[in-house]
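Data first, discussion second: the structure below is written as structure tokens.
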Amino acid sequence: GAVVSQHPSRVICKSGTSVKIECRSLDFQATTMFWYRQFPKQSLMLMATSNEGSKATYEQGVEKDKFLINHASLTLSTLTVTSAHPEDSSFYICSAGDSNQPQHFGDGTRLSIL
Amino acid sequence: DQQVKQNSPSLSVQEGRISILNCDYTNSMFDYFLWYKKYPAEGPTFLISISSIKDKNEDGRFTVFLNKSAKHLSLHIVPSQPGDSAVYFCAASKTPTGQLTFGSGTQLTVLP
């Protein structure tokens, strides 16, 4: 069964809306989770590393004020796309792992901004 | 600069034959390598991994080979089945729980 749960799977909303995506580790505690973005026919690009109890680490070129990450517990990280615009439309995926298992991925969130 | 490369965007194989997917990396700091399978609009599914202290890891129909000196790894699937048709991503990290750097993926099509 799934060990990482991501919700929602699909979001369609108007430009200017803020969208929150949740990522939960189901059977283990994850001090670190990762957020990726995938454009059509391209690879997964790391956006940021979510650290439980501290600030997220963002990759170069990723706006931290645009993509807010909160990792408030050992099983939950959230990504909020603030004031989303059409260019933010993409497939967002989270992952988590621990010392006993490799990183597992959520099923992703397809975000469509109209 | 791509640190993990999958030079073949696609591969077609007949059912029952062997599928060989290749991956090259440039960063010598990578110590863990993983293969994921991905269907459209879904997250990647973990298949198999290998650490740099090994040169081979096998799990059922899947075997991963690592040639550290050549910075090359490959995934062998035998026998290939139509259900194996998907995009396969190679990924590498410096630590077991560290961030993953992905290759661009290879679309495998297994023909019945």
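Note on naming: letters A, B, ... go to the chains in the order of the sequence lines (proteins, then strands), and numbering restarts at 1 for each one. On a predicted model such as this, the values are computed, not experimentally measured, just so you know.
For L44(A), the parts lying under 4.5 angstrom from a heavy atom of chain B are both the backbone and the side chain. Residue Q6(A) does not touch chain B at all, counting heavy-atom pairs closer than 4.5 Å. Using a 4.5 Å cut-off between heavy atoms, Y32(B) does not touch chain A at all.
For R61(B), the CZ atom is densely surrounded, since the number of other residues' heavy atoms within 6.0 Å is greater than 12. No more than 12 heavy atoms of other residues, nucleotides or ligands lie within 6.0 Å of NE2 in H7(A), so this atom counts as exposed by the packing criterion. Around the NZ atom of K66(A), the shell of radius 6.0 Å holds more than 12 heavy atoms that belong to other residues, nucleotides or ligands.
Looking only at side-chain heavy atoms (C-beta outward), Q103(A) and Y36(B) come within less than 4.5 Å of each other.
Residues F91(A) and K38(B) approach most closely at CE2-NZ, 3.9 Å, considering heavy atoms.
Linking Ile, Leu, Val, Met, Phe, Trp and Tyr whenever their side-chain heavy atoms come within less than 4.5 Å puts I69(A) and V11(A) in one cluster. Residues F33(B) and F62(B) share a single hydrophobic cluster, defined by chaining ILVMFWY side chains whose heavy atoms lie under 4.5 Å apart. The hydrophobic clustering, which links ILVMFWY residues whose side-chain heavy atoms are closer than 4.5 Å, places F46(B) and Y88(B) apart. By the rule that hydrophobic residues join a cluster once side-chain heavy atoms approach within less than 4.5 Å of another member, Y25(B) and I50(B) end up as members of one cluster.
Counting only distance, with no hydrogens or angles, the side chain of S43(A) and the backbone of G103(B) share a donor-acceptor pair below 3.5 Å.
With rounding to the nearest 0.5 angstrom, the CG atom of L46(A) is 7.5 Å from the OG1 atom of T101(B). For the atom pair CZ of F105(A) and OG1 of T45(B), the computed distance is 10.0 Å after rounding to the nearest 0.5 Å. Once rounded to the nearest 0.5 Å, the distance linking CD of E42(B) with CG of D107(A) reads 6.0 Å.
Residues F89(B) and Y36(A) keep their aromatic ring centres 6.0 Å or farther apart.
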